[in-house]
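One structure below.
For the numbers below, each heavy atom of this structure counts, side chains included, while hydrogens, waters and symmetry mates do not. A note on names: the letters A, B, ... follow the listed sequences, proteins ahead of strands, and every chain is numbered from 1.
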2 protein chains.
Amino acid sequence: MDAVFKALCDPSRRKLLDLLYTHNGQTLGELCEHLTMTRQAVSKHLAVLEAANLVIPLWQGREKLHYLNPAPLQEIYDRWLSKYDRPQLDALSQLKQTLEGNPQETNHE
Amino acid sequence: MDAVFKALCDPSRRKLLDLLYTHNGQTLGELCEHLTMTRQAVSKHLAVLEAANLVIPLWQGREKLHYLNPAPLQEIYDRWLSKYDRPQLDALSQLKQTLEGNPQETNHE
DNA sequence: CTATTATGCAACTAAATGGTTGCATGTCAA
DNA sequence: TTGACATGCAACCATTTAGTTGCATAATAG
């Protein structure tokens, strides 16, 4: 899961995922057209995405087609993000209660 | 949003969020007890989390209480992650169709 | 007032990161 | 077969990052 978070923290890599979202199965060359860095730099980013299993490559002759795999994103949500989704966790409401001197479980002693 | 992704990519910072999830409003010193690095290192991590608005500090005398703010996580999901949640985007099924020679919209030409 | 406690600030270091350039390899087309 | 095209590999560089140590400041306790 660490590899997925690492992969997502770079904006260029998130852009690559967005590009594959709108047009799946693109080659390295095609993806390069939408970024301002060299082909090798894009290739490295794709390697990181592949290592996180977010992109699955398929060789077709001399072309390498890149396919988006959203499964790790789903896992990130299910196993980490979803537990923070409870609105009652909202810090501001808790702060308000703290400032009101209203002691409760989640407060510091 | 970039700040939030950056904040999340470090496992120590995710652990801090988890610690605040289980016990909100902890001081720097309390949080340090659960990590193996120096107080200053933890302090830096908390600064990153504050910059991303994931942690909201509240000074109480000489103690700084740290409160979890899950709102940016919700935003990450709503504005970025949620669009990848459609199962039909699954790369493997697309690859299968590609390999079956079944041309479709989402394919490369 | 003095000690101790909780935190902040600044400088430094090692390692990771994001990018480059140059060259090699394999596939397709004429 | 030859040349162009798509990609990979490796070395290198600059910046960021994650951590350290040392010292400063402010609040509480005795």
Name the pairing partner of D:dT28, where a pair is Watson-Crick or G-U wobble with both distances under 3.5 Å, or state none.
->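 D:dT28 is paired with nothing.
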So which nucleotide does D:dG8 pair with, by the Watson-Crick or G-U wobble rule with both distances under 3.5 Å?
->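 Paired with C:dC23.
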Exercise: identify the closest heavy-atom pair between A:Ala7 and A:Leu49 =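 Shortest heavy-atom contact: CB-CD2, 4.1 Å.
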Which comes earlier along DNA chain C counting from the 5' end, the contact point of B:Ser43 or that of A:His45, where each point is its nearest nucleotide?
->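 Per heavy-atom nearest nucleotide, the more 5' residue is B:Ser43.
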Nearest listed nucleotide, side chain of [X], among [options]:
{"X": "B:Met37", "options": "D:dG19, C:dG18, C:dT21", "value": "D:dG19"}
{"X": "A:Ala41", "options": "C:dG19, C:dT5, D:dG8", "value": "C:dG19"}
{"X": "B:Lys6", "options": "C:dT20, D:dC23, D:dT17", "value": "D:dT17"}

Does [X] have a side-chain nitrogen or oxygen under 4.0 Å from the phosphate oxygens OP1 or OP2 of [N]?
{"X": "A:Lys44", "N": "D:dC9", "answer": "no"}
{"X": "B:Arg13", "N": "D:dA18", "answer": "yes"}
{"X": "B:Thr27", "N": "C:dA6", "answer": "no"}

Donor-acceptor pair between A:Glu30 and A:Thr27 side chains, under 3.5 angstrom =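 Note: A:Glu30 and A:Thr27 side chains meet the donor-acceptor criterion.
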Would you check if there is a donor-acceptor pair between the side chains of B:Tyr84 and A:Asn69 at a distance under 3.5 Å?
->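 No, no side-chain donor-acceptor contact under 3.5 Å.
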Spacing between B:Arg62 atom CZ and D:dA29 atom C1', to the nearest angstrom |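 Those two atoms, CZ and C1', are 8 Å apart.
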